[in-house]
Amino acid sequence: QVQLVESGGGLVQAGGSLTLSCAASGRSLSSYTMAWFRQGPGNEREFVADISWSGGRRAYSDSAKGRFSSSRDNAKNTVALQMNSLKPEDTAVYYCAASKWGYGSRSPSSYDLWGQGTQVTVYS
């Protein structure tokens with residue numbers, strides 16, 4: 001059974017940085033598109049960033065562009081999200097997700113596998 005486990009969340013002051021990690025076990029995800037979503041209180045789950053199976057293509061939401069960077073290490077079966085210049089509005093539970101249906105969708109419904117989420121709280 002495939003399992004995704006996020007880590008690295010926490011409490012950080014505005015302007016600070018965090019790096020989220022997602023480790024997969026049970027199956028290689030080297031052929032999967034990987035993505036990060038987030039869900040703040042009272043909000044729907046929203047796309048943050050993705051990365052193609054090779055790492056050659058990456059996309060970001062408008063709010064993440066220029067501040068966040070996704071990466072992956074297929075040999076270690078991990079993906080990461082480097083978050084810089086954090087803002088209070090980045091406060092949310094961040095989820096790692098995997099899709100075997102190809103690259104390009106920002107819809108949560110396109111993703112087959114999900115982690116349990118990690119809380120990021122940014123205070124001013």
Side-chain angles (χ1 to χ4, degrees):
Q1 185 173 349
V2 181
Q3 190 172 21
L4 302 179
V5 179
E6 300 97 335
S7 61
L11 183 66
V12 64
Q13 191 171 21
S17 299
L18 281 175
T19 300
L20 305 183
S21 296
C22 173
S25 62
R27 180 191 302 173
S28 170
L29 296 182
S30 60
S31 62
Y32 284 66
T33 293
M34 301 297 295
W36 292 91
F37 290 79
R38 69 186 183 187
Q39 188 165 16
N43 295 333
E44 293 185 352
R45 194 166 296 189
E46 65 174 1
F47 171 85
V48 176
D50 66 17
I51 185 167
S52 62
W53 69 270
S54 67
R57 289 184 288 177
R58 309 176 198 193
Y60 302 92
S61 65
D62 288 344
S63 61
K65 203 171 297 183
R67 300 187 299 127
F68 295 3
S69 178
S70 61
S71 61
R72 69 188 297 162
D73 186 333
N74 286 336
K76 296 182 179 178
N77 227 17
T78 59
V79 294
L81 183 69
Q82 173 69 42
M83 305 187 295
N84 299 321
S85 302
L86 283 162
K87 306 174 182 179
E89 50 263 44
D90 293 319
T91 294
V93 176
Y94 283 70
Y95 298 91
C96 171
S99 172
K100 61 183 178 182
W101 302 112
Y103 180 80
S105 174
R106 299 189 177 195
S107 170
S109 62
S110 296
Y111 288 80
D112 315 283
L113 304 171
W114 292 86
Q116 82 290 347
T118 185
Q119 177 70 48
V120 171
T121 302
V122 185
Y123 65 94
S124 57

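Computation of the quantities below employed the complete heavy-atom set of this structure, encompassing side-chain atoms and omitting hydrogens, waters and symmetry-equivalent molecules.
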The reported gap from OG in S63 to CZ in F47 (rounded to nearest 0.5 angstrom) is 10.0 Å

Here the disulfide bond (SG atoms under 2.5 Å apart) pairs for residues 77-124, sequence neighbours left out, are C22-C96

In Å, rounded to the nearest 0.5 Å, how long is the span from CH2 of W36 to CE of M83?
8.0 Å

Is there a path of hydrophobic side-chain contacts, each under 4.5 Å between heavy atoms of I/L/V/M/F/W/Y residues, joining L29 to L20?
yes

Mark yes or no for whether E6, through its side chain, and G117, through its backbone, hold a donor-acceptor pair below 3.5 Å.
yes

Using a 3.5 Å distance criterion without hydrogens, assess whether the side chain of Y32 forms a donor-acceptor pair with backbone atoms of Y111.
no

Is it the case that over 12 heavy atoms from other parts of the model lie below 6.0 angstrom from the CD atom of E89?
yes

Do Q13 and Y123 have side chains that get closer than 4.5 Å, going by heavy atoms?
yes

Between T78 and A23 (side chain of the first, backbone of the second, donor and acceptor by atom type, cut-off under 3.5 Å), is there such a pair?
no

Got a donor-acceptor contact below 3.5 angstrom from the S70 side chain to the D50 backbone?
yes

Closest heavy-atom pair, V5 versus Q116, reported as atoms and distance to 0.1 Å, is CA-OE1, 3.7 Å

Minimum heavy-atom separation for A24 to L4, with atom names?
CB-CD2, 3.6 Å

Yes or no on side chain to side chain donor-acceptor pair (under 3.5 Å) for W101 and D112, after CA distance, side-chain angles and deciding distance?
CA-CA 9 Å; W101 302 112; D112 315 283; 2.8 Å; yes

Atom CG in N43, atom OG1 in T91: separation rounded to 0.5 Å?
11.0 Å

Between N84 and S17, do the side chains contain an N or O donor and an N or O acceptor separated by less than 3.5 Å?
yes

Tell me, please, whether W114 has R45 positioned over its six-membered ring: NZ or CZ under 6.0 Å from the ring centre and within 45 degrees of its axis?
yes

State plainly whether the residues R67 and D90 are in salt-bridge range, i.e. N to O under 4.0 Å.
yes

Run the side-chain contact (heavy atoms from CB on, under 4.5 Å) check on Y60 and V48 step by step: do they pass?
CA-CA 6 Å; Y60 302 92; V48 176; over 6 Å; no

Does either side chain, that of S107 or that of S109, offer a donor lying less than 3.5 Å from an acceptor on the other one?
yes

Cut-off 3.5 Å, side chains only: do Q82 and S69 have a donor facing an acceptor?
no

Apply the test side-chain contact (heavy atoms from CB on, under 4.5 Å) to residues T118 and V93: give CA-CA distance (whole Å), side-chain angles for both, the deciding distance (0.1 Å), then the verdict.
CA-CA 5 Å; T118 185; V93 176; 6.0 Å; no

Once rounded to the nearest 0.5 Å, what's the spacing between atom CG of L18 and atom CG of L81?
9.5 Å

Any donor-acceptor N or O pair under 3.5 Å, side chains Y94, R38:
yes

Shortest non-hydrogen contact from S124 to A14?
CA-CB, 4.2 Å

Between atom OG1 of T33 and atom CD1 of I51, what is the distance when rounded to the nearest 0.5 Å?
9.5 Å

Any donor-acceptor pair under 3.5 Å from N74 side chain to W53 backbone:
yes

Would T121 and Q119 count as having a side-chain donor-acceptor pair, cut-off 3.5 Å?
yes

For a 4.5 angstrom cut-off between non-hydrogen side-chain atoms, does F68 reach L86?
yes

Distance in Å, M34 CE paired with R58 CZ, rounded so as to fall on 0.5 Å steps
13.5 Å

Can you tell if the side chain of V2 reaches within under 4.5 Å of the side chain of S25, non-hydrogen atoms only?
no

Which atom names give the shortest non-hydrogen contact between A80 and T19, and what distance separates them?
CB-CG2, 4.4 Å

Quick note, salt bridge (charged side-chain N to carboxylate O under 4.0 Å, His left out) partners involving residues 7-22, not counting sequence neighbours, are none

